[in-house]
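First listed ligand is number 1; within each ligand, the first listed atom is number 1.
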Amino acid sequence: MTDTVLIKNAMLVNEGRQRRTDVLVKNDRIERIDANISAPERAKVIDADSLLLLPGMIDDQVHFREPGLTQKGDLASESAAAVAGGITSFMEMPNTSPTTTTRQALADKYVMAEGRCAANYAFYFGGSNDNIEELRRLPATDACGIKVFMGASTGNMLVDDEEVLEKIFAAAEIPVTTHCEHTPTILQNLEQATQRFGKDIPASAHPEIRSVEACLKSSKLAVSLAEKFGTRLHVLHLTTAEEMALFKPGDMPGKQITAEVCVHHLHFTADDYAELGNQIKCNPAVKAPRHREALLEAVNDGRIDIIATDHAPHLPSEKNSGNYITDAAGLPLAQHALPCAYEHVHAGRISIERLVQMTSHNPALRFQVSERGFVREGYFADLVLLRPDSPWTVSDDQCLSRCGWTPFSGQRFHGSIHTTLVNGQIVYSGNKIHNRHSGQRLVFDRH
Ligand code: DOR
């Protein structure tokens, strides 16, 4: 345990601006932010002259597979991968086994997480076709949000009964997050693809099967339900130019309906199926380049509010059979979260201030996370030091995620994670995990 850490001369990126400063961390908190702080006795001093200092990423969408699917990953392995990628807090999805669709299953997850996570944690409560009473009894601070699969994906959690959707949107007092893809449209497209290709459907057909229309139809429904019932809606992993018309530009506080994009949808395009095949199969699908351009535009004008990962590990054997139907959807992404997103900063497509707003400030505001997401005196010391100009090549053998592979293998990134602190503890530095148990349960300011 390190009690005191002094970060010297870092370029702090926080709350819309950059400034050179020292930051003193004592126990689990940020004690002081100032120029020229002298090192207290026994402090660990980090020379951050050439580094950017950011608030740690709060990833509002991960699948860490515990309980029930731990051959793919568990809370310990995936949270270790997360801190290596600059994630200091995560919000985990309910499509585990059993699903997190009862208050008991949710409570069980918090017990499982205690003392085993490198990053701070919270869990979603899953809406289903038949758990509305359970959802109504859910205390507002128990889950980060409610997750509704308005399109079927990994796990059996589709909510396709519109009456139930209305009840969920009407009852929810905490953010409702949605996976939006219209399943009947997808099934129709799949039928057509099967007629065309027989059993050998190529990965490149995925965006035609999980089509723009399927996404738009479902997102439209989610937004209209939220408008009807005044629900605090957060639409997850948007992928299409057409859906961007559903969201309004502007800053987070005060927004009722918010939007998310994930790092892989900003990184890959349909052109990558030729090389990567089902490795980049995910739901919603990676789509044509014009969509990525539209997503980047919406990131910059504030129609999109949050960048997340949707970290969804599957074993190589579940991804690489070459059979489109049986190969699993989802990619391991947490370990490369900030380096991947930082590529857009390096290329001049997103400012570093905007990136920090979308990976740290806005998730904290959207979910009312207490005392995290900003570098402020008195707040928890969840911090990331990033090397801005240090090209490196990703390889599978550095993978911390239990699945042991990454869709970025062989790619060159320009930013790398130097150090990650969670609750004042150095959990990652020198390419190593140092403290696997620093994560605490997230607290939500909801009264
Ligand atoms: O591609 C995906 N994989 N999308 C999801 O919505 C779920 C995820 C998973 O859990 O594998």
Checklist line | Cation-pi geometry met for Lys147 and Phe125 (6.0 Å, 45°) | finding: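 The answer is no, since Lys147 fails at least one limit relative to Phe125.
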Next item on the list: Please find out if less than 6.0 Å separates the ring center of Phe90 from that of Phe64.
Entry: yes
Notebook entry, point to check: Does the separation of the ring centres of Tyr428 and His418 fall below 6.0 angstrom?
Noted result: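 No, they do not, as the ring centres are separated by 6.0 Å or more.
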Notebook entry, point to check: Name the one of His234, Lys255, Arg366 that satisfies side chain to side chain donor-acceptor pair (under 3.5 Å) with Asp305?
Noted result: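 Of His234, Lys255, Arg366, side chain to side chain donor-acceptor pair (under 3.5 Å) with Asp305 is met by Lys255 alone.
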Check: Do the charged groups of Glu134 and Arg103 touch, with an N to O distance under 4.0 Å?
Finding: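 Yes.
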Check: What does the list of residues with a heavy atom under 4.0 Å from ligand 1 look like, ordered by chain and number?
Finding: His63, Arg65, Asn95, Phe149, Ser153, Thr154, His179, Cys282, Asn283, Asp310, Ala312, His314, Ala329, Gly330
Check: Relative to each other, are the rings of Phe374 and Tyr379 parallel, tilted or perpendicular (30° and 60° limits)?
Finding: perpendicular
